[in-house]
Each structure stands twice: as structure tokens, then as C-alpha cells.
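Residue numbers begin at 1 in each chain, while the letters A, B, ... track the order of the sequences. In what follows, every heavy atom counts, from backbone to side chain, and hydrogens, waters and symmetry copies are set aside.
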Number of protein chains: 2
Amino acid sequence: MNTSEDMDLVFQALAHRTRRDILDLLRAEPGQAVGHLASNFDVSRINIINHLRVLETAGLVISEKDGRSRRLYLNLMPIQMVYDRWTDRYSGYWSDRLASLKYGAEQATKLKGTS
Amino acid sequence: MNTSEDMDLVFQALAHRTRRDILDLLRAEPGQAVGHLASNFDVSRINIINHLRVLETAGLVISEKDGRSRRLYLNLMPIQMVYDRWTDRYSGYWSDRLASLKYGAEQATKLKGTS
DNA sequence: ACAATATGTAATCATGTAATTACATGAATA
DNA sequence: TATTCATGTAATTACATGATTACATATTGT
């Protein structure tokens, strides 16, 4: 998670519903195989493999071979690092939830007042 | 932030370095105009307008007309809602930073042991 | 060895995105 | 009113992405 390109990969990976659903399924049942995972979707198995490649490139999914199948695991570290970087940047705004909402209200007021 | 399509928009908006840089600049100097913002980049002014449209569609940027210019503001609410939803889902893993790192270590050990 | 199973690669097609140039609108000001 | 300034729209181009079908690899079991 050093370069900005890595962050691009993580956000892009999360920017598709199927891939977010994959992460949910891997969280619910870690170590499941590709075919078993794909059976949850209406799209082709190959499409799920393509999505898995995107997730693996972003570091969000790790896999290990197990005979003729492949076990899949969720890895949340990239999301943690994005979160850390983001909250470092904007910690003043929303490191604390209440402060964030306060900011949102202030901004709304400011916009209302000047328009 | 009700539908999954809204989350797609937010993640897609964040999945480009220029757009993340725009958010940083708007945070540093709220209310700045389009041309002033665009002067920070090497790309064309129109390209920044296109990126702004993406950010506004995702709800991350709000704007108001001010004479012949347009004032731009950062809106972090969509990110907050994505964050809330994500941490709701995976709160057991990384609502607490230490717990998250612990999970990461456990997962690494698990993978090492079975491969 | 042969067949069945699990996964992956290659080629393809349609669609979407990023960035550009040229032109158009609308507001401030001489 | 004409002109400059700030912004926006339209059309275009190159490239990336999502999803598919057909084929290929590798492993298990008969």
C-alpha cells in the first residue's frame, strides 16, 4: 500500500458489486473453493475467476492450491491501510463520528448561507 | 447511500488518483473555483471538470454558483456511510485496530500451516 | 490409461472510461 | 454593446473493463 496505484487497485476492486459480494462470501466461509464460490452467482464461472484475479491483484483475496481445487481467503489488510491513510488525511473531520456529523452540518449551513 | 449502485459510484470515484487529489485540495481550500482547482494539475481544465462530474455524481463534491464562477466543497458523508456499512459488516475483524492485526496474523499462520 | 472433476487461459465482443480539441453559454466590466 | 473571463457541452479518440464461449491444463479416481 505504498503507492497511489495500489490504492487505485483496492478502490477499483471494491467498485463492483459482484466483487464485494465475493468478499462477503469469503468472510462467511473462508477457505472455500472457486467452483463453490461461483455457484452463488448467476454469471459464468469464468467471470468469477476474472473478478477473483482483480481481488487478488488488489491483495484483498489470498489463495492456496489444495489438490485440484483452490482455497480462497479474505484479506482485509489493504482495506485497513486505505482506511488508515484516509483517516490520517481527514482525521480532523471524521476520526470521531460525532465530529464528522458536526462538520457535515456546518458545511450544509455554510452552503445554505451563501447561495 | 441506500443501493449498492451508490457504493459503486463512491468507490469508482475514489479509484482515480486525480480525483483523490481533488478531494485533498478541496479539503485544504474549501470553496475554491473550478479554474483555480484545475491550475494545480497538468491535464486539461475540461478533464478536471469531467472528474468533478464523477465526484459530484458520487456525492463527494458539492458546488454552488457564485457569479460567473463556481464554488466547490468537499462532502465526506458518502465516505462515512461506506465506512459505517463496511465496519458493520466486518466489525469483528477490524473495528479495533489491534484485533485486525491479530486476525491478519492468524490468517497468515493458517495459510502457512495448510500449504 | 481413461474418464471425470476443478480450475485456468485465450480470443472475442460490447460497453464504459479518460482525456483531448473545438465550440458554446453566461456573467462581469470597459 | 462589445469583450474578456469562467465555465460548460459535444464529438472524438484511445484504452480499459465486464462478460462470454471455446479450448487447455492438471488432479483425482476407476
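The shortest distance between the side-chain N/O atoms of B/Ser44 and the OP1/OP2 oxygens of C/dT20 is below 4.0 Å. Between A/His51 and D/dT20 there is no side-chain polar atom (N or O) within less than 4.0 angstrom of OP1 or OP2. Under 4.0 angstrom from either OP1 or OP2 of D/dG18 there lies at least one side-chain N or O belonging to A/Arg19. The shortest distance between the side-chain N/O atoms of A/Arg53 and the OP1/OP2 oxygens of C/dT9 is below 4.0 Å. The phosphate of C/dA19 (OP1 or OP2) has a side-chain N or O of B/His16 nearer than 4.0 angstrom.
If you take CG of B/Asp8 and C1' of C/dT17, they are 15 Å apart, rounded to a whole angstrom. Atom CD1 in A/Ile46 sits about 11 Å away from atom C1' in D/dA24, given to the nearest Å. The distance from atom CD1 of A/Ile48 to atom C1' of D/dG18 is 11 Å, rounded to the nearest whole Å. Distance B/Asn50 CG to D/dT7 P: 15 Å, rounded to the nearest Å. Taking atom CZ on B/Arg68 and atom P on C/dT29, their separation rounds to 6 Å, with Å as the unit. Spacing between atom CD1 of A/Ile22 and atom C1' of D/dA19 amounts to 13 Å, rounded to whole angstrom units. When the P atom of D/dA6 is taken as reference, atom CG of B/Leu72 falls 14 Å away, rounded to whole Å. For A/Arg71 and C/dT7, the CZ to C1' distance is 15 Å, given to the nearest whole Å.
The side chain of A/Arg70 approaches C/dG8 more closely than any other nucleotide in the set D/dT7, D/dA19, C/dG8. Comparing D/dT17, C/dT20, C/dT7 by their nearest atom to the side chain of B/Asn47 picks out C/dT20.
Counting atom types as modelled, A/Arg45 pairs a side-chain N or O with a base atom of C/dG8 as donor and acceptor under 3.5 Å.
Of the two residues contacting DNA chain D, namely A/Thr18 and B/Leu52, the nearest-nucleotide position lying further toward the 5' end is that of B/Leu52.
Among the protein residues, B/Arg17 comes within range of no part of the nucleic acid, since none of its heavy atoms lies under 4.0 Å from any strand.
In summary, B/Arg20 and B/Asp24 do not engage in a salt bridge, as defined by a charged side-chain N under 4.0 Å from a carboxylate O.
Note that CD1 of A/Ile49 and CG of A/Leu37 are 10.0 Å apart. Values are rounded to the nearest 0.5 Å. Interatomic distance, B/Ile48 CD1 to B/Leu72 CG, rounded to the nearest 0.5 Å: 11.0 Å. Note: A/Asp21 CG to A/Leu26 CG = 11.0 Å, rounded to the nearest 0.5 Å.
Screening A/Val54, A/Leu55, A/Leu9 for a side chain to side chain contact (heavy atoms under 4.5 Å, CB included) involving A/Leu60 leaves a single residue, A/Leu55.
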